[in-house]
Each structure stands twice: as C-alpha cells, then as structure tokens.
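All remarks here apply to the structure that follows.
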Amino acid sequence: MSEPVGLLPGCPAELPGVLVADQADAQARGLPLVLGHHQQRLSLWRPGGRETPLAVDFCGGRQGYRLTPERVRHERLIRALGKPQSPSAAVLDATAGLGRDAALMAQAGFRVWLIERSPILHALLADGLSRGPDTLVAQMQLLPCGASGQQSLPPQDWHGIYLDPMFPARGKSAAVKKDLSWLQLLCAYPDAQEEGALLDWARLWQPRRVVVKRPVKAPPLAGCPPAHSQAGKTVRFDIYPREMR
C-alpha cells in the first residue's frame, strides 16, 4: 500500500495526500515525504532530511551526460530497441517514472509517448517537461495520468513498447538508493499476476518489439523468456520481438 505524501501549498490540489502548511507540520504528522516547490522545481523530499530534493531534470548531472549524442548510441536500451526506421518512429514508455529512459529514447530519435499511473510522478514529469530543452521535449508526449486502455492511446504503428516495472533497489550509490526508496513509497512492486498482465497488454498493441528492463540476475518478467537480451553489470533489457508469441 502506498504511503501518504504531504503536499505543500502551490502543488496540484487534485493529488492524493495530506495538505500541509510547512515541513514542521509534515514531520508532526509523520509523513515520510513532502511534495512541493524547491528552487522553482516541483520536488519530493524527506521533511527534515539532508538529501537533495528529487525533481525531474533532463539536463543536470549523470542524466545530462547520458543524453549527449556520442553517449546515447552506446546505451543498452537504445541497442535493445534498434534504430528508428523513420523520423516518426514511435515508442510507448508505459512505466515512465521520472522520464530518464524516455529522454534517452527521445534523444536517440524516437517519438516517445509516456504513461505514468502515479499522479505524483505524473506531476513531477509534467513539471520536468515544462523546463526541458525544446528539441528534446518536442519528441516526448505525456499522456493523461492513468492512461492505459485502448481508447486512451493514440493509434500508432509502434516501433516498441518499453516496460520498466518497479523492482527492489540493489545499487550501492546513495543517489540511486534515495531515488528508488522514495519511488517505492509511491509505487508498489507488481506481483506475478500484474507482471503477466503488463506483458500481455504490451503485446496486444503489436509493437515491433517489447523491451523490458530487469535486474541483471532477476528472472524474466512473468517468467516469460525473451528472444534475447542486452545485459550490463546491474540491469539487462529483455527483448520480445513481434513474431514471438
């Protein structure tokens, strides 16, 4: 079950949570996270904590380095997807999260449609896209929060559908642990039935390939072996081509 998140004034009122007046109020109520504006960015942070608030930023730090043209083509995710067949080649990121992988796909030349079911993460994404580089943001389209039904998606000949379901943090980096531990408060791990339903749903759209991000030592999603994989030190990308049923 997801934990409540305190909302500071100025945040979207329709988001679930408890509206708090300030950090002291959030601490008094025992809320693990606060959603508010920090340095003109919609951000998540731990009330009273020393960690840097978490916001969607496509240009800063390691994400900015990953988006450089010479780096993008070496990313395993991009290798797993294959080259876009045309300037309009479309990819659906059905578990967009903080949009980091979606930005990689957009920088690689794909038009990327993003789905994020968590209203809090959706709000963070929308804020990040409002501040992102014009050339990158022009390649990315955030769908309404919760969109997953057939009538909610645009008709496309999908080059790929990308799935990155939540999984336990295994990284040693403090930043990675912070990001994932906070996201885990907002998004529950999918059970086996949900994993199977997610993969079946992606295949229903008949993309050229479904690409699934997994911990490198984890079993395949829903126990369904992929045709092949792109594996790194900590994660791998399992590939399910259209003809594989």
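Here the CG-CG distance, from L124 to L42, works out to 5.0 Å after rounding to the nearest 0.5 Å. The structure places CG of L92 at 5.0 Å from CD1 of I161, a figure rounded to the nearest 0.5 Å. To the nearest 0.5 Å, the span separating CG on L163 from CG on L198 amounts to 4.5 Å. We find the NZ-CZ distance between K233 and R76 to be 9.0 Å, quoted to the nearest 0.5 Å. Note: L136 CG to L129 CG = 8.0 Å, rounded to the nearest 0.5 Å. Rounding to the nearest 0.5 Å gives a distance of 8.0 Å between OG of S88 and CD of Q156.
Among all heavy-atom pairs drawn from P47 and P32, the shortest one is CD-O, 3.4 Å. When every heavy atom of G6 is checked against every heavy atom of L31, the shortest pair comes out as CA-CD1, 3.4 Å. When every heavy atom of G99 is checked against every heavy atom of M140, the shortest pair comes out as O-CE, 4.4 Å.
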Exercise for review: Evaluate the criterion side-chain contact (heavy atoms from CB on, under 4.5 Å) for residue pair L185 and L33; output intermediate values, then yes/no.
Suggested key: CA-CA 9 Å; L185 290 173; L33 294 174; 3.7 Å; yes
Practice item. Applying side-chain contact (heavy atoms from CB on, under 4.5 Å), run through I239 and S229 and close with a yes or a no. Key: CA-CA 6 Å; I239 302 161; S229 301; 6.0 Å; no
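Residue pairs that meet the salt bridge (charged side-chain N to carboxylate O under 4.0 Å, His left out) test with at least one member in residues 79-97, sequence neighbours left out, do not exist here. Within the structure, the side chain to side chain donor-acceptor pair (under 3.5 Å) test picks out the following pairs touching residues 123-138 (sequence neighbours left out): D127-R131.
In this structure, the side chain of Q230 does not engage the main chain of A80 through any donor-acceptor pair within 3.5 Å. Not a single donor-acceptor pair under 3.5 Å links the side chain of H228 to the backbone N or O of Y240. With E194 contributing its side chain and D191 its backbone, the two residues share a donor-acceptor pair below 3.5 Å. Remark: side-chain polar atoms of H122 are paired, donor with acceptor, to backbone N or O of L143 under 3.5 angstrom. Side chain of Q107 to backbone of L67: a donor-acceptor contact under 3.5 angstrom is found.
The side-chain hydrogen bond (donor to acceptor under 3.5 Å, both in side chains) check on R236 picks up D238, with sequence neighbours excluded. Residues passing the side-chain hydrogen bond (donor to acceptor under 3.5 Å, both in side chains) test with R46, sequence neighbours excluded: E51. The side-chain hydrogen bond (donor to acceptor under 3.5 Å, both in side chains) check on W113 picks up nothing, with sequence neighbours excluded.
Counting heavy atoms from C-beta outward, I78 and V72 have side chains that approach closer than 4.5 Å. Using a 4.5 Å heavy-atom threshold, the side chains of R208 and W158 count as separate. In this structure, the side chains of R209 and R242 stay at 4.5 Å or more apart for every pair of heavy atoms. Looking only at side-chain heavy atoms (C-beta outward), L98 and L125 stay at 4.5 Å or farther from each other. Counting only heavy atoms from C-beta outward, the side chains of Y162 and D101 approach each other to under 4.5 Å. Side-chain contact between V210 and P207 is present, with heavy atoms from C-beta onward closer than 4.5 Å. In this structure, F58 and R66 have side chains that are not in contact, with every pair of non-hydrogen atoms separated by 4.5 Å or more. For the pair L183 and L121, the minimum side-chain heavy-atom distance is below 4.5 Å.
A salt bridge between D157 and R111 is absent, with no side-chain N of the basic residue lying under 4.0 Å from a carboxylate O of the acidic one. Salt bridge status for D57 with R100: absent, with no side-chain N to carboxylate O gap under 4.0 Å.
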Could you go through residues 211-220 and list every donor-acceptor pair under 3.5 Å that involves a side-chain atom there, pairing it with any protein atom two or more places apart or in another chain?
unit_1	atom_1	unit_2	atom_2	d
R214	NE	P219	O	3.1
R214	NH2	P219	O	3.0

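Under 3.5 Å, the side chains of W45 and Q23 contain a donor-acceptor pair of N or O atoms.
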